Asker: 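My questions will all concern the structure given below.
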Protein chains: 2
Amino acid sequence: MSNSMQEAGRTVTIRDVAAAAGVSIGTASKALNGVGRMRQETRARVMAAARQLGFRPNPLAQGLLGGRTYTVGLITCDSFGRFSIPVMLGAEDALGDGQISVLMCDTRDDPIRERHHVERLLDRRVEGVIVTGRRTEPRPSIGRDLPVPVVYAMTQSLDPSDLSLIPDDEGGGVLAAQHLLATGRTRIGHITGPHGFQAARKRAAGLGTVLSDAGLRVSGEVLYGEWSEEWGRQGADILLRTDPGVDAIFCGSDQIARGVAETLRERGRRVPDDVALVGFDNWEPMALGSRPPLTTVDMNLNEIGRLAARHLLDIIAGRPGEAGVRTVPARLVVRASTRHGT
Amino acid sequence: MSNSMQEAGRTVTIRDVAAAAGVSIGTASKALNGVGRMRQETRARVMAAARQLGFRPNPLAQGLLGGRTYTVGLITCDSFGRFSIPVMLGAEDALGDGQISVLMCDTRDDPIRERHHVERLLDRRVEGVIVTGRRTEPRPSIGRDLPVPVVYAMTQSLDPSDLSLIPDDEGGGVLAAQHLLATGRTRIGHITGPHGFQAARKRAAGLGTVLSDAGLRVSGEVLYGEWSEEWGRQGADILLRTDPGVDAIFCGSDQIARGVAETLRERGRRVPDDVALVGFDNWEPMALGSRPPLTTVDMNLNEIGRLAARHLLDIIAGRPGEAGVRTVPARLVVRASTRHGT
DNA sequence: ATGAAAGCGCTAACAT
DNA sequence: ATGTTAGCGCTTTCAT
């Protein structure tokens, strides 16, 4: 197997390849990299020797010379949580295609650790950094004058000269609202997370805009609370008391929606017949485990990660785009909680 | 800020430091690394210059020379799923302490991609590899004659000469069973995942052992099904029909337990008063969102990751342990589903 | 106590 | 068409 998988033991260098092929080390290099002129036969001989010996160029040496490391850092403040994971996945995907490897680290939301990791990444000469977060709330920049570009994904930097990619929460609210209107609902309530969260306010704003354009308003008031099932259960009771005729509820998260679904069932309201339900996140274990399965807004986190990676690669390649906070469209996933007969 | 954060612009080399300190490059190196003999004053002068200039040794150069990269690869087959994440976190934690950086990649369960990533990691001269998985089911080794050590975490290699760290599923079953017996339950049912899963069988075995030691047996039969809430709901109905007097149910996952909890409530059984409930995984969004919150078995995935990392570091450092499949103890987390008054 | 020089593995000028 | 050489940034003998 020595032809494709490096074996234990001494490392094969280009020197060995050159010797085996009976050429100089420089010629071997050129042959392997497909540059320079040389006889076809020579090139083939070198390639054969390299394959034969299981030669793998040492990236440290290459990097040392070329100044490139083909490595980027990925910093997560989410302890690899639910939100940053799809983002990382998308990023890893896009970077992998570009032959870039990913150095991963987790800050546990600790600025000290974060600083430490940034330093270490720079030590390692990463060519760029992606920062992901648990929420999209603005956060301090990881550093103004870093020698490499930085892109924020699923979190945003307070520094407007940084590029941040976040989901389109408002657009998600719009999608949910339009869908509910399209299915004939008019008394639409909204139960969501803490008012302190920009994401919660924006989702509510999206809903509000669509409703006022239709000459409607949110049934009751927007109910801000927590990102929990328990709050969903409570909120549903509050809403049913405020407006017993409510025929749809848009929730700020799938967890909240699940709590709402439970209360509705216990209060004898059928979903979706009596009350339609839309969640947010498309967190499948929650959305699918719910009865009925939830129609929900998917933030396209994979796409955010992919875009972040691509932007980073662009900047590294010297094609800087505009900085600032950029928003990635969301997508509605329709399931039984708004649709009969499924 | 040039003293602690590298600035944009040309990189500071040891050459610059040496020049600034008025010493030779070799002396500067020795001073910075605290080796060799030299006047205290000289050493101090070099250090000062280095700090002043914001010097950071280039790890590529160091690695090239020393043959070490201080890097390990982390391969996940779980798309960073629920199980591998805590493992990765633990690993990253342990490795970070050892000044080792982590190159991360995801295989999406695709052997081609996996192979590809392994090659790339070897190209980059990682000093070791950790493989994590979505389940603990045995899987093919990532390669017999790799030039670096490999440790499997939360997955196991079919090759017994590999070291694999997996949770103690059987022990988890024992913990659950003992807890239920200790709280006075005697008619204990078990609803779990597919019989095809070793994990499911082992958890059931743990339960079975404790019960037979107590002169009891599983109420009804062990109900194998799927890892879903829906199956939990179904299974609960089956069990209630088989043994209406069941006073406790141990579930193979928190999702199943959640489904069970719902059905029990709908059938008018109080949890834990009439039926105690124990889940598995300690997947907090599920376990805490359930009504009541679930007592459950925590597999200590963080610890598995940490141990995997430590073992890997040991092997890298030339202290190889024994190979084979090793098991990490689980831990019971008691919540309201088995305990009154919470 | 300090400096000079060799070399890690590789690439890219420059010679031949 | 091929070989020789000079580094990339650093550590480590070996001289001084």
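Residue numbering restarts at 1 for every chain, and letters A, B, ... go by the order of the sequence lines. None of these values were measured; they are calculated from a predicted model. Note: hydrogens, waters and symmetry copies are ignored here, and every other heavy atom, side chains too, is used.
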Asker: Which whole-number value in Å describes the distance from A/Leu64 CG to D/dA6 P?
Answerer: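 Nearest whole value for this atom pair: 18 Å.
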
Asker: When you check the gap from the basic side-chain N to the acidic O, do B/Arg124 and B/Glu119 get nearer than 4.0 Å?
Answerer: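 Judged by the 4.0 Å cut-off on N to carboxylate O distance, B/Arg124 and B/Glu119 do not form a salt bridge.
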
Asker: Looking at every heavy atom in both A/Arg108 and A/Arg113, which two are closest together, and how far apart are they?
Answerer: NH1-NH2, 2.9 Å

Asker: Looking only at side-chain N and O atoms, does A/Thr27 come under 4.0 Å of OP1 or OP2 in D/dT2?
Answerer: no

Asker: Kindly say whether A/Val72 contributes a backbone atom to a donor-acceptor pair with the side chain of A/Glu127 at under 3.5 angstrom?
Answerer: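 Between the backbone of A/Val72 and the side chain of A/Glu127 there is no qualifying donor-acceptor contact (under 3.5 Å).
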
Asker: What nucleic acid atoms does B/Val23 come within less than 4.0 Å of, heavy atoms only: base, sugar-phosphate, or nothing?
Answerer: sugar-phosphate

Asker: Please tell me which of A/Gly26 and A/Arg37 maps to the more 5' nucleotide of DNA chain D, matching each residue to the nucleotide holding its nearest heavy atom.
Answerer: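 Comparing both residues, the 5'-ward one is A/Arg37.
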
Asker: With side-chain contact (heavy atoms from CB on, under 4.5 Å) as the test, pick out the partner of B/Ile130 among B/Leu95, B/Val87, B/Val102.
Answerer: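 Exactly one pass, corresponding to B/Leu95.
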
Asker: Between P on D/dT2 and CZ on A/Arg43, what's the gap in Å once rounded to a whole number?
Answerer: 10 Å

Asker: Find the distance B/Arg125:CZ to C/dC8:C1' and express it as a whole number of Å.
Answerer: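 So the two atoms are 12 Å apart, to the nearest Å.
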
Asker: Take atom CZ of A/Phe55 and atom P of C/dG9, then tell me their distance rounded to the nearest Å.
Answerer: 10 Å

Asker: To the side chain of B/Pro57, which of D/dC10, C/dT11, D/dT12 is closest?
Answerer: D/dC10

Asker: Are B/Gln62 and D/dT11 close enough that a side-chain N or O sits under 4.0 Å from OP1 or OP2?
Answerer: yes

Asker: Nearest of C/dT2, C/dG3, D/dT2 to any side-chain atom of A/Met38?
Answerer: D/dT2

Asker: Counting just side-chain N and O atoms, does A/Asn58 come under 4.0 Å of either OP1 or OP2 of C/dC8?
Answerer: no

Asker: Assign B/Thr13 to base, sugar-phosphate, or nothing according to its heavy-atom contacts below 4.0 angstrom with the strands shown.
Answerer: sugar-phosphate

Asker: Taking CG from B/Leu65 and P from C/dG9, how many angstroms apart are they, rounded to a whole number?
Answerer: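 So the CG-P distance, B/Leu65 to C/dG9, works out to 9 Å.
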
Asker: Please test A/Ser101 against B/Arg120 for side chain to side chain contact (heavy atoms under 4.5 Å, CB included), starting from the C-alpha separation and ending with a verdict.
Answerer: CA-CA 9 Å; A/Ser101 291; B/Arg120 205 143 92 188; 3.9 Å; yes

Asker: Mapping A/Ala28 and B/Leu60 onto DNA chain D by nearest heavy atom, which one lands closer to the 5' end?
Answerer: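 Closer to the 5' end of DNA chain D: A/Ala28.
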
Asker: Without decimals, in angstroms, what is the distance between B/Ile14 CD1 and D/dG9 P?
Answerer: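 After rounding, the gap between these two atoms is 12 Å.
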
